[in-house]
Amino acid sequence: HYGMGAMATSMTIQVVRMCLEGYPSSHLCGSMVELHSLQSSPALNGMQGICKGYIPDTGRRSVYIMEENTTKALKPGNLKLIESVLHHHDGVEEPSTAARMATRTSTNQLCDMPDRLGAVCLLEAIQGDRTDIVKILLKEYQARLDIEDCDGVSPKSMSFGMGVYVKAAAMVNKEAATETRKEQNADAHTCSNC
């Protein structure tokens with residue numbers, strides 16, 4: 001959150017971008033996976049390994065393949081989750097990756113995950129009038145406008161209240177208007193096909 005919030009720097013933006021890119025396959029990290037659909041190394045298909053870290057430069061995951069006793073960089077789409085590895089701390093079993101994934105909010109975008117106060121990155125960027133961050137969140141990561149914080153404030157409602165006085169809010173208002181037009185056009189198209 002803070003890397004893309006009002007106090008963002010070029011370095012924190014870079015780090016957050018790496019996190020946003022790696023997040024969709026983060027549930028695989030530390031888990032047993034089966035390799036499949038590999039075209040350049042078909043002999044590895046069906047083998048099992050332990051998925052490790054994310055490699056930002058390639059968008060791949062590092063996977064230790066036990067049968068080969070080697071580590072390869074593989075696309076997340078070529079990995080099938082077999083079982084989550086459970087970690088023990090003081091004799092207490094932590095929930096598996098699958099259980100943790102089930103308790104997350106309905107969004108699958110890291111930029112839309114609320115912090116402990118319910119705020120999302122977009123709210124912070126609007127408050128700090130960070131048009132550079134708002135542009136990244138809206139255009140590159142399709143940040144949602146409707147996620148409310150603990151006080152019931154969403155990026156959409158906050159921007160509407162700020163009007164055109166804050167450039168970041170004006171950008172969000174424009175995006176909200178575009179979304180509304182798309183929804184209305186979809187509804188009109190559906191009705192004409194009844």
Side-chain angles (χ1 to χ4, degrees), residues 1-10 12-29 37 54 56-61 75-81 97-98 100-194:
H1 271 262
Y2 305 106
M4 282 282 216
M7 304 300 282
T9 65
S10 60
T12 63
I13 292 170
Q14 183 179 358
V15 170
V16 169
R17 281 179 189 259
M18 286 188 279
C19 292
L20 290 170
E21 290 164 7
Y23 177 74
S25 62
S26 65
H27 67 285
L28 298 172
C29 192
S37 306
Y54 179 72
D57 294 339
T58 62
R60 295 172 182 247
R61 287 269 167 194
K75 295 177 185 175
N78 295 116
L79 306 175
K80 177 183 170 188
L81 182 66
T97 303
R100 286 194 308 271
M101 290 296 287
T103 61
R104 289 184 175 171
T105 62
S106 61
T107 181
N108 58 6
Q109 282 278 32
L110 183 61
C111 66
D112 291 333
M113 291 289 179
D115 66 10
R116 61 187 171 83
L117 300 175
V120 292
C121 296
L122 192 53
L123 275 174
E124 294 176 30
I126 295 165
Q127 290 170 335
D129 198 19
R130 293 295 303 265
T131 56
D132 55 337
I133 304 298
V134 169
K135 183 177 179 181
I136 291 168
L137 292 172
L138 291 177
K139 299 302 177 194
E140 294 181 32
Y141 298 103
Q142 294 76 45
R144 288 180 39 194
L145 306 178
D146 61 342
I147 300 174
E148 297 179 344
D149 67 6
C150 296
D151 297 320
V153 178
S154 68
K156 187 175 182 177
S157 65
M158 176 183 280
S159 295
F160 184 75
M162 293 177 153
V164 296
Y165 302 108
V166 177
K167 289 180 183 177
M171 291 172 72
V172 172
N173 285 335
K174 184 176 178 183
E175 185 68 21
T178 301
E179 282 184 7
T180 301
R181 276 194 302 281
K182 285 179 184 176
E183 289 170 8
Q184 289 172 343
N185 288 340
D187 289 344
H189 183 70
T190 302
C191 290
S192 66
N193 291 330
C194 292

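Computed from heavy atoms alone, side chains included, the values below leave out hydrogens, waters and symmetry copies.
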The side-chain hydrogen bond (donor to acceptor under 3.5 Å, both in side chains) partners of Glu140 (sequence neighbours excluded) come to Arg17

Between Asn173 and Ser159, the two heavy atoms sitting closest are ND2-O, 3.1 Å

Output all residues satisfying side-chain contact (heavy atoms from CB on, under 4.5 Å) with Lys75, sequence neighbours left out; order by chain, then residue number.
Arg60, Asn78

What are the two closest heavy atoms between Lys156 and Thr180, and how far apart are they?
NZ-OG1, 4.3 Å

Sequence neighbours left out, what passes side-chain contact (heavy atoms from CB on, under 4.5 Å) with Met158? Give chain and number order.
Leu123, Ile126, Gln127, Val153, Met162

Residue pair Asp132 / Ile13, side-chain heavy-atom distance below 4.5 Å:
yes

Shortest non-hydrogen contact from Ala143 to Leu122?
CB-CD2, 4.2 Å

For Glu175, enumerate each residue passing the side-chain hydrogen bond (donor to acceptor under 3.5 Å, both in side chains) test, keeping only those at least two apart in sequence or located in another chain.
Lys139

Quick one: side-chain hydrogen bond (donor to acceptor under 3.5 Å, both in side chains) partners of Thr58, sequence neighbours excluded?
none

side-chain contact (heavy atoms from CB on, under 4.5 Å) filter on Asp146, not counting sequence neighbours, yields Arg144

Distance from Thr131 atom OG1 to Leu138 atom CG, nearest 0.5 Å?
11.0 Å

Tyr54 and Ser25 have their tightest heavy-atom pair at CD1-OG, 4.4 Å

What heavy-atom pair brings Leu79 and Arg61 nearest, and what distance separates the two atoms?
CD1-CB, 4.1 Å

Distance-minimising heavy-atom pair for Ile133 and Ala125
CG2-CB, 3.7 Å

